[in-house]
Amino acid sequence: MENKPYILVVEDDKPIRNFITAAISSQGYRYIETSKGNEAIALSMSNSPDLIILDLGLPDIDGIEVISRIREWSSVPIIIVSARENERQKVEALDKGADDYLTKPFGIGELLARIRVSLRHTMLNKNKEEIIDTFRVKNLFIDFEKRHVIIENKEIHLTPIEYKIISLLCKYSGRVLTHNFIIHEIWGTSLGNETQSLRVFMANLRRKIEKDPAQPEYIYTEVGVGYRLVDE
Amino acid sequence: MSHYERPSSDYFLSKIEKEEEKNKQGKLKIFFGYAAGVGKTYEMLREAQEIKKSGEDIVIGYIEPHARPETMALTEGLESIENKIIKYKGSTFKEFDIDKALIRKPKIILVDELAHTNARGQRNRKRWQDIQELLAAGIDVYTTVNVQHIESLNDVVENITHVSVRETIPDKIFDDAEKVEIVDIEPDELLNRFNEGKIYKMEQVKRALLNFFTRNNLYALREISLRRIADRVNYEVESERLAKREITVIPTSEQILACISPSPSSAKVIRTAARMAENYHSKFIVLYISTSKSENLSEQDKKRLNFNFNLAEKLGGEVVQLYGDNIVEQIIQYAEFRNITKLVIGKNYKRSSKIFHFYAKDVVDKLMDSNAYIDVYVIPNSLYKKKREKVVLKLNEWSNLSLREIVEAAIIIGIVTGIASIFEYMGFNDTNAIMIFILGVIIVYMKTTGYLIGIISSIFVVLMFNFLFTDPKYSFKLYDKNYLTTFIMMLTVAFIVGSLTNKIQKEASNSYNREKRTQTLYMVSSKLLSAVGTSEVISIGIKYISRLINRTIIGYLPEGNKLSTNFVYNRDKDENKNLFLNKEEDAAAYWSYLNGKEAGNGTDTFYGAKGYYMPIKVQNKVLGVIGVSCLQGFLEPEQKFIVQTITGQIAIAIDREILSSQQEKSKVQIERERLRSNLLRSISHDLRSPLAGIKGAISTILENGKFISEKTKEDLLNGIYDDTEWLIRLVENLLSMTKFDEGNMEIKKNMELVEEVVSEAVQRSSKYFKNHKIKVSVPENIIMVSMDGNLIEQVIINLLDNAVKFSPKESVIEIKVYEKDDDVIFQVIDNGTGIDEKILSNIFDRFFTNGSKISDSRRGIGLGLAICKSIVEAHGGKITAANRKEGGAVFSFNIPKAKVSSNKEISKGGDYYGK
């Protein structure tokens, strides 16, 4: 890429911010940093970053609020950083428009992986003319045109719903999708109770795709949040 | 020179308490005068206006409409609380509205006429009670009162003026007032005012008033009031000086005993005793001897007796009730028992025409004989005669006839007559007949209550004797005059023996009753000792009160701000339970609870209520209220005494319960604190090692980076990484623990897929299981269970961590999940060293560590397993550990399944495995 991606880092804890910016620059990305939410909103407007890493526990303004404001005019990918226990906060942020999340404490590997995934999808979205008709990760291969799903060179038969789910996951490979999002995309409604049905579908899907459903290689569960398809 | 009684330490203690209480209480200022018209209200209003100018929040509560326009003019500009309009029997009354005053809560309030009696419809009978409520609420009160309204001076004033004053205030109110300002005026000038119509409108002046407003009266009244004020000042000065040791004291202790009866003159006796007690700075005791005849007192007498008891208590005396028929003996015995030094007794102590009576003279004589230490004061009746009721004893007798007794008597007399006839027929001497007749009469006396039937039987028997035995036989005529004496003797003997027997019987039955009562009281106290919980205490208490006094009892316990009524003990099963559950009764009970004073029927507050309410008090805390049904009449003193006694015991028992539950809570608190400090200690201790490791490694790299090899550097860095992982897990465990310590576990249960929870747990902890193989076994079918996913993950991670600690490298650790009946079973199985049998039962305790060295020196605070236990138990499951035959250990826990089967809900498309 000629244009190095430009990342906005919003984090009030200095050591963590340092770590993030160090990791980013190690990949050659450009960055700009701030410790305040209001500043972040202003900067995202003036500087048009390609990605925003946003800590939810900011001193001046609620992180969720920042997401809402930014989403009013921009679809820039946002990765949120939050503490371990707050599932609800993560889900809320994701539903409000964040694209992925990181849980403190995290390592550089996770951080860079998330960044890579988000940037890739942005690229893909930008090149909308390119229609993706296949997808491959590890031993999983999907042919969207022919509606074939192949694991380790064997085709497997999926029900229509299962196919929709796996396609969706592939479309957003590497990114976490909340239960609500998946339900919304597949079934069009977001009734709370339906998450149970979703689980069951996912469980069945896993049994078909994974060697060991209890130790999945492809479809990772983020308990309390949603699901994520591995991307490399 | 009067003797000073040295105040005891109790006195000073109570003074200190009173001082402290005074700070919360409002202050009372009384404008005191010797007659109406001296200008008390005027003075009060004048001062009020001045205070208002200085900015204080002073408000008019109630001012009596005055004839003097100057007085009424002074009310201008002062905020006034709206009067309450009460309509009663066709008339309209404007009364002081206490509730509005309590809501308004000014700093100072003016309430005229301290001694006023409230109209029906106000909850308190007297205005001084309203003022007490205001003071208790912290409001200062200004009020006015005349000398004749003071209770202890009431009869003195009456003697002088021949005007009976019914509205009185207890001396305590007067003496406890913060300030008393006397409003004085020359009697001649007052007379002028009166004659000019400036005090009362001419039309209002009645004859009584004309008698009142005479020169002599006014002078006398003035003197009394000045002296009363002087007494007040004197006492205060005295105690100040005593406190400062300016005067020394000679210890004496007078004890005053007043003997009373239901007669109205007892009131005078009580007041005299009270005044004496005041003068000698001693207490006084009021004694009432209840005889076997007291059961038959008329309603009037009972009421008056009650009034006398209340009066005694109001004036600060101790009321004692004894039983016995020999009144004189009782008095003397009690006087000796209590070390009485002065005895006060009414002149016509017992007015009656019967033989078994005595007069005051007897008491005095007897006392002179027995000991010389007791002074006796005999109080004559006041010159002003009140209307008395006729002797009603006999009337009572008439009303106690019962048909059954008449029939019984008739049968007995019939039998006796029959036997006598047989004697006659067999030619026995007529003395036998006489004896038989007398025997018959005695039996009739024994079997009946009251004298009436006995007397009639005696007369009848005599007539029978005359008819059957005396010549001429079968006629009522008499030949032999000797028989006349015989008749009279028969009557007398029959009467004496009969009434004696009667009396003995009554006494015996009284004794029996009293014995039963004492036994019951004893049983109540021992039952209350063993009762557990305030509900049980109250239930037992009211049951026994009800049994003892034969009335329905209701018990109230506080719930938050209100009273809850769950405890009612009915006298009869079908008595109206809803008697107590209406607003007015509730109001009376609640008032009693708030103010810690008795209320309801027979008292001066809420006197129209159907029940009598006594607060359950311990020291000054009110713990509840006991209500007694008064449907069958007001509560008699003896019954009230029983209620008081048992209520006292209930109070102690409830207090004890409250204290013990507080103690429990304290224990729990202490335990919690102990655990917390243990935790903190452990954490601080255990944090040091990893932190030391991290610091050491980092400083090495920073300072000696150039000198160490890459491999060493990598090792150091890996070490740091591992240490941080350890710290992270520790923090997570601690966070989970804080959820427990608050008391309420915050588990958010959702339907989760078991396999997802397990897989995420494995995923998250894969980093530190690099050296081991993890195997996961879940069944083919889908298991969903309601649980807090994060917490169960925590459990699995902790168990894995534990397994890793005790298993050799490269060994397999298995996680197994399966369903069994209504549970989902999770197992973590390792092939390690197993668990030492000795510690097997303790491993789930907090802060329990093995102590011994573990394979690669992984430390532990001992929280991990304890947290597992807490989490599992919060889900309603159990966790266990055991050793396997094959070697190694297995940890199992179960999560009960939710009742709703989740799999049934799925209907939309797709095939699935499952139940």
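Below, read A as the first sequence line, B as the second, and so on, with proteins coming before strands; counting in each chain starts at 1. Worth knowing before you read on, the calculation uses all heavy atoms, side chains too, and leaves out hydrogens, waters and symmetry mates. Since the model is a prediction, treat every value here as computed from it, not as a measurement.
- Of all heavy-atom pairs spanning Val200(A) and Ile782(B), the tightest one is CG1-CD1, 3.7 Å.
- In this structure, the portion of Tyr227(A) lying under 4.5 Å from any heavy atom of chain B is its side chain and not its backbone.
- For a residue to count as touching a neighbouring chain, one of its non-hydrogen atoms must lie under 4.5 Å from one of that chain's; by this rule Leu753(B) touches chain A with backbone and side chain alike.
- Between Glu755(B) and Arg206(A), the closest side-chain pair of non-hydrogen atoms falls below 4.5 Å.
- Considering every non-hydrogen atom in both Val223(A) and Glu752(B), the closest pair reads CG1-OE1, 4.0 Å.
- With a threshold of 4.5 angstrom between heavy atoms, Ile815(B) does not approach chain A through any atom at all.
- Inter-residue side-chain proximity for Lys775(B) and Asp212(A) is flagged as unmet; no heavy-atom pair is nearer than 4.5 Å.
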Set out, in order, the CA-CA distance, both residues' side-chain angles and the distance that settles side chain to side chain contact (heavy atoms under 4.5 Å, CB included) for Glu756(B) and Arg199(A), then state yes or no.
CA-CA 9 Å; Glu756(B) 288 184 349; Arg199(A) 311 283 172 99; 3.7 Å; yes
Would Arg207(A) and Glu780(B) count as a side chain to side chain contact (heavy atoms under 4.5 Å, CB included) here? Give the steps.
CA-CA 8 Å; Arg207(A) 275 161 177 67; Glu780(B) 265 301 306; 4.1 Å; yes
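- Contact of the Thr221(A) side chain with the Gln763(B) side chain is not registered, since no non-hydrogen atoms from C-beta on lie closer than 4.5 Å.
- For the residue pair Ser759(B) and Ala214(A), the shortest heavy atom distance occurs at CB-O, 2.8 Å.
- A 6.0 Å sphere centred on NZ of Lys138(A) holds more than 12 heavy atoms belonging to other residues, nucleotides or ligands.
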